[in-house]
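Worksheet for the structure shown next.
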Amino acid sequence: MRTVLGCIADDFTGATDLAGLLARSGVRVSLRVGVPETPPRNPAAFEVIALKCRTAPVEAAVAETRSALAWLREAGAERFFWKYCSTFDSTAEGNIGPVAEALMADLGTEQTIYCPAFPENGRAIFMGNLFVGRDPLAESPMKDHPLTPMRDSNLMRLLEPQVTKPVGLVDRLMVARGADAVRTALIRLRVGGVAHVVMDAVANEDLSTIAEACRDMPLMTGGSAVAMPLPALYLADGTLGRDAAKTTSPQIAPGTVVLSGSCSAMTNAQVAAYLASGAPGFKLDPTALAENGIEEALAWVGAQDFKAGPLIYATADPQAVKFAQDQLGVARAGEVVEDALARCAIVAREQGARRFVVAGGETSGAVTQALGVDQLDIGTEIAPGVPWTFATSAGHRIALTLKSGNFGAEGFFSDAQAVLEAA
Ligand code: ADP
């Protein structure tokens with residue numbers, strides 16, 4: 001089997017979100033945690049490499065994504081997808097634009113598209129402006145994100161300082177005219193020297209049009225949703241054989257732990273709902289962790305009955321996050337929390353937990369790394385863009401779900417456990 005589409009995601013939850021949507025097609029999707037050290041053996045039709053480079057220094061992010069690209073090319077891929085968050089999480093320096101330009105240079109391609117829209121999760125782009133539900137991005141809770149506060153809603157304006165070549169737009173009116181019109185618009189922009197094209201999309205039909213128009217581009221970039229139509233398109237035109245391997249759902253032993261390091265508005269609601277349902281919970285306070293260490297948290301985890309799905313969380317409201325960041329600095333506050341949740345995950349596994357529900361992109365990266373997971377097979381979806389995945393950790397088969405901050409409904413932590421029971 002040769003890889004048909006090689007994907008690179010800038011964080012773990014982004015990678016599982018993308019992998020989950022691709023797996024809706026029923027075709028086997030494999031997710032690698034970091035660039036594998038060994039050359040590809042039996043690669044899946046869709047390979048997703050999860051990096052942890054959303055907030056890394058630009059040079060490091062570029063180097064990592066280029067090495068991921070090289071591995072995916074070895075797996076046989078000729079088309080590539082650079083996946084970032086549907087809220088375009090980035091700073092003025094990057095890393096969305098600089099990585100796209102580096103990948104374009106390696107692939108020798110002159111143009112790519114940017115489409116973070118995810119209508120099922122309320123992310124829409126109109127006239128180049130990104131909306132979260134009914135709010136412009138810069139008026140959404142993303143304005144208070146701990147690491148990448150988004151203070152502008154216009155994707156062209158956000159992208160311009162990140163790239164060296166001109167930025168343009170294919171607007172909703174053009175997308176509504178169909179795939180041929182979009183192709184023509186892209187050619188016209190390319191002739192005019194526009195390398196980076198933001199694509200408007202407000203509904204799944206827009207994404208289908210864009211995917212159809214762009215499916216043979218060497219590089220597409222965006223949120224996960226614009227990639228969702230690709231498997232069906234590749235099956236229809238024979239790029240992907242009908243005999244391509246299918247997804248599977250293995251049986252996993254019971255025992256659940258919920259680890260939450262996301263401070264998004266939705267995760268705050270999910271934590272509150274889960275605690276209100278009577279689940280046992282332990283709150284991590286970054287300042288106390290930095291001062292007193294994590295022994296108390298580890299002892300609490302060690303004493304839990306994992307049948308009850310205990311929750312360990314640092315999830316807090318923007319005011320509390322700001323307080324911790326003022327005390328410790330942004331990076332240090334993030335680190336102490338990520339480290340604590342990662343070590344709680346190890347203790348939970350040692351005490352018999354086999355099902356891990358994790359909230360937060362950076363948090364998921366830290367937890368998977370601590371569990372020594374380097375490859376995941378994608379299974380059933382719990383909420384749009386959040387699947388269960390299956391992996392091996394210290395010789396045990398485990399199930400993991402890695403939820404990006406704003407994803408899932410309020411009942412997500414319970415929903416996830418119910419979905420796995422039913423699988
Ligand atoms: P999301 O998917 O919502 O962006 P992430 O896990 O990627 O979630 O990012 C949240 C960041 O905030 C992590 O680095 C985490 O360690 C940090 N964090 C979590 N809780 C707190 C807190 N109470 N105070 C400060 N930072 C926190």
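Both counts, for ligands and for their atoms, begin at 1 and track the order of listing.
- The structure places OG of Ser86 at 7.0 Å from CG of Asp17, a figure rounded to the nearest 0.5 Å.
- No salt bridge links Glu101 with Lys165; every basic N to acidic carboxylate O contact stays at or beyond 4.0 Å.
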Between ligand 1 and the protein, tabulate every N or O atom pair separated by less than 3.5 Å, reporting distance only.
unit_1	atom_1	unit_2	atom_2	d
ligand 1	2 (O)	Gly361	N	2.9
ligand 1	2 (O)	Gly405	N	2.8
ligand 1	3 (O)	Ser262	OG	2.7
ligand 1	4 (O)	His145	NE2	2.7
ligand 1	6 (O)	Gly361	N	3.4
ligand 1	6 (O)	Glu362	N	3.3
ligand 1	6 (O)	Thr363	N	3.1
ligand 1	6 (O)	Thr363	OG1	2.7
ligand 1	7 (O)	Gly361	N	3.1
ligand 1	7 (O)	Glu362	N	2.7
ligand 1	14 (O)	Glu338	OE2	2.6
ligand 1	16 (O)	Gly334	O	2.9
ligand 1	20 (N)	Ala314	O	3.2
ligand 1	23 (N)	Ala314	O	3.0

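- What you find for Ala416 and Val357 is that their closest heavy atoms are CB-CG2, 4.2 Å.
- Leu18 and Ala227 make their closest contact through CD1-CB, 3.6 Å (heavy atoms, listed as atom of the first residue, atom of the second, distance).
- At least one cation-pi condition fails for Arg355 and Phe306: the charged atom is not both under 6.0 angstrom from the six-membered ring centre and inside a 45 degree cone around its axis.
- Under the 6.0 Å cut-off for aromatic ring centres, Tyr313 and Phe413 do not qualify, their centroids lying 6.0 Å or more apart.
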